[in-house]
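The structure appears below as structure tokens.
What's counted below: heavy atoms across the whole structure, side chains too, no hydrogens, waters or symmetry copies.
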Amino acid sequence: QAHLVETGGGLAQPGGSLRLSCVSSGRTFGDFAMAWFRQGPGKEREFVAGINWSGRSTFYGDAVRGRFPISRDDTKSKVYLQMNGLRSEEAAGYFCGGARAGIIGLIERGYGSWGQGTQVTVSS
């Protein structure tokens, strides 16, 4: 499985934006579907957004659809999450997951590779 490292978290004001990045050390990044999940305090990890191996298919959780576009750059082995219009309830640890099968899954066990996460705080 690939080693994943997330960056880009930090403090944003309500309504503000952050861009998360996840870089993979794997040699076959282009074969992987990638996704972002998040986990707030006392909450289960939830699916945020996913992109398939080719980049031609994306899927979003209902809460973020239209605000958090996901993209990938296979030349850099990176996946991005542009978070716009952040809300206070979206403060959480954000985790990048990789699925070797190349298909977007909506649950954690569909992903065999995970990063350590990056913390997002939304506060005025």
Requested in this report: Evaluate side chain to side chain contact (heavy atoms under 4.5 Å, CB included) for V5 paired with C22, printing each intermediate quantity in order.
Outcome: CA-CA 5 Å; V5 178; C22 171; over 6 Å; no
Query - W36 with F32, same ILVMFWY side-chain cluster at under 4.5 Å - result: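 Yes, same cluster.
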Query raised in the report: Do I51 and V23 sit in the same hydrophobic cluster, where Ile, Leu, Val, Met, Phe, Trp and Tyr count as joined when their side-chain heavy atoms come under 4.5 Å apart?
Result: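 No, no single cluster joins them.
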Can a cation-pi geometry be assigned to [X] and [Y], taking NZ or CZ under 6.0 Å from the six-membered ring centre and within 45° of the ring axis?
X	Y	answer
R72	Y80	no
R100	W53	no
R38	F95	no

Requested in this report: Side-chain contact test, heavy atoms from C-beta onward, threshold under 4.5 Å: evaluate it for M83 versus V120 and give yes or no.
Outcome: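 Yes, their side chains come closer than 4.5 Å.
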Query raised in the report: Within a strict 4.5 Å, meaning less than it, do heavy atoms of the S24 and K78 side chains meet?
Result: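 No. Closest side-chain heavy atoms not under 4.5 Å.
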With a 3.5 Å distance limit and no angle check, can you tell me whether [X] reaches the backbone of [Y] through a side-chain donor-acceptor pair?
X	Y	result
E6	L20	no
Y60	V48	no
N52	A33	no
T118	G9	yes

Query - Worked verdict on F37 versus W114 for ring pair (Phe, Tyr, Trp, His ring centres under 6.0 Å) - result: CA-CA 10 Å; F37 285 69; W114 289 97; 5.2 Å; yes
Report task. Assign the ring pair F59 / F47 to parallel, tilted or perpendicular, where the plane angle (0 to 90°) is split at 30° and 60°. Result ->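 Aromatic pair F59/F47 classed tilted.
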Query raised in the report: How long is the gap from CD on Q13 to OG1 on T121, to the nearest 0.5 Å?
Result: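 Here the rounded value is 13.0 Å.
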Report task. Report the distance from atom OG1 of T7 to atom OH of Y94, rounding to the nearest 0.5 Å. Result ->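 Result: 15.0 Å between the selected atoms.
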